[in-house]
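As structure tokens, the structure follows; a few thoughts come after it.
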Amino acid sequence: MKINLKKLLVSLAVPLAVGGLSALISGGGMDAFESMKQPPLSPPGWLFPVVWTGLYLLMGYAWYRVSESGAPTWEISRARSAYTIQLVLNFFWSIWFFNFRLYLFSFVWLVALWVAILITLIRFWRIDKVAGILLIPYLAWVSFAGYLNLGIAILN
């Protein structure tokens with residue numbers, strides 16, 4: 001696959017911008033997170049931005065691979081729709097959780113995000129297996145985030 005550098009950079013920048021704007025609006029949230037009662041296995045707050053940055057880069061590169069795959073336009077359009085929906089759900093989760101402290105609602109929202117990621121992963125996989133594989137860490141991390149979110153909803 002020949003690399004289109006401009007498209008690659010835009011593909012990487014979009015999820016980073018979505019995550020960065022969400023973090024900015026939600027105030028980062030790590031002070032609030034660390035002051036909450038947390039379930040066992042809760043990682044230190046500094047780990048979240050590191051992991052999320054990596055996941056956003058994987059997401060962006062996966063999208064780039066799909067968009068440059070040469071698959072039929074309708075198939076790429078369906079993948080783009082799923083990708084966009086999961087990005088929108090991802091954007092709002094931290095706002096519901098940190099700004100409004102709607103912990104149980106945030107958990108339900110996270111379940112919807114998990115389903116949207118799974119649909120995106122499947123649609124990406126059908127177009128480009130590597131792109132699908134690149135979303136597996138994202139799905140795993142959101143699964144873990146669901147455990148943390150539910151634990152916080154119960155404990156706080």
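The chain is numbered in sequence order, starting from 1.
You'll find the side chain of Met59 reaches within 4.5 Å of the side chain of Leu87, heavy atoms only. At least one side-chain heavy atom of Phe144 sits less than 4.5 Å from a side-chain heavy atom of Pro43. Between Tyr56 and Thr53, every side-chain heavy-atom pair lies at or beyond the 4.5 Å cut-off.
Going from atom CG of Asp128 over to atom CZ of Arg65 covers 4.0 Å, rounded to the nearest 0.5 Å. Note that CD1 of Ile117 and CD1 of Ile85 are 12.5 Å apart. Values are rounded to the nearest 0.5 Å. The distance from the OG1 atom of Thr84 to the CH2 atom of Trp63 is 7.0 Å, given to the nearest 0.5 Å. Here CD1 of Ile95 is found 12.0 Å from CG of Leu102. Values are rounded to the nearest 0.5 Å. Leu12 contributes atom CG, which lies 9.5 Å from atom OH of Tyr61 (distance to the nearest 0.5 angstrom).
Looking at Arg78, its side chain never comes within 3.5 Å of a backbone N or O of Arg123 through a donor-acceptor pair. Proximity of a side-chain donor or acceptor of Ser77 to a complementary backbone N or O of Thr73 within less than 3.5 Å is not detected. Judged by distance alone, with hydrogens and angles left aside, the side-chain atoms of Asn156 form a donor-acceptor pair with the main-chain N or O of Lys37 at under 3.5 Å. Remark: side-chain polar atoms of Ser143 are paired, donor with acceptor, to backbone N or O of Leu139 under 3.5 angstrom. Ser22 contributes no side-chain N or O that, together with a main-chain N or O of Gly19, makes up a donor-acceptor pair within less than 3.5 Å. The backbone N or O of Ala82 lies less than 3.5 Å from a partner atom in the side chain of Thr120, making a donor-acceptor pair.
Shortest non-hydrogen contact noted between Trp46 and Glu34 is N-OE2, 4.4 Å. The heavy-atom pair separating Ser67 from Ile76 by the smallest distance is O-CD1, 4.2 Å. Nearest approach of Pro137 to Leu55, heavy atoms of both residues: C-CD2, 3.7 Å. Across every non-hydrogen atom of Gly45 and Pro49, the tightest pair is O-CD, 3.4 Å. What you find for Phe91 and Ile25 is that their closest heavy atoms are CZ-CD1, 3.6 Å. Contact detail for Gly151 and Pro39: the closest heavy-atom pair is CA-CG, 4.0 Å.
Residues Ile154 and Tyr147 do not share a hydrophobic cluster, defined by chaining ILVMFWY side chains whose heavy atoms lie under 4.5 Å apart. Residues Ile119 and Leu121 fall within the same hydrophobic cluster, defined by Ile, Leu, Val, Met, Phe, Trp and Tyr side chains chained together at heavy-atom separations under 4.5 Å. Tracing side-chain contacts under 4.5 Å through hydrophobic residues (I, L, V, M, F, W, Y), one never reaches Phe97 starting from Leu155; they form parts of separate clusters. No path of Ile, Leu, Val, Met, Phe, Trp and Tyr side chains, each step under 4.5 Å between heavy atoms, connects Leu150 with Val115, placing them in separate hydrophobic clusters. Each of Val108 and Leu89 belongs to its own hydrophobic cluster when Ile, Leu, Val, Met, Phe, Trp and Tyr are linked at side-chain heavy-atom distances under 4.5 angstrom.
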Quick one, Trp125 with Leu135, criterion side chain to side chain contact (heavy atoms under 4.5 Å, CB included). Give me CA distance, side-chain angles, the key distance, then yes/no. CA-CA 9 Å; Trp125 177 276; Leu135 294 184; over 6 Å; no

Full working for side chain to side chain contact (heavy atoms under 4.5 Å, CB included) between Asn90 and Trp52: CA-CA 11 Å; Asn90 181 306; Trp52 277 110; 3.4 Å; yes

Determine, stepwise, if the pair Phe33 / Phe48 fulfils ring pair (Phe, Tyr, Trp, His ring centres under 6.0 Å). CA-CA 11 Å; Phe33 177 78; Phe48 289 93; 5.0 Å; yes

Worked verdict on Tyr138 versus Leu113 for side chain to side chain contact (heavy atoms under 4.5 Å, CB included): CA-CA 11 Å; Tyr138 180 31; Leu113 172 59; 3.7 Å; yes

Kindly determine whether Tyr83 and Phe124 satisfy side chain to side chain contact (heavy atoms under 4.5 Å, CB included), including the steps that lead there. CA-CA 9 Å; Tyr83 181 66; Phe124 278 25; 3.7 Å; yes

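Of the charged side-chain nitrogens involved, none lies within less than 4.0 Å of a carboxylate oxygen, so that Glu75 and Arg126 do not count as a salt-bridged pair.
Checked against Asn149 for a side chain to side chain donor-acceptor pair (under 3.5 Å), the options Trp93, Trp109, Trp96 give a single hit: Trp93.
Here Lys6 pairs with Asn4 under the side chain to side chain contact (heavy atoms under 4.5 Å, CB included) rule; sequence neighbours left out.
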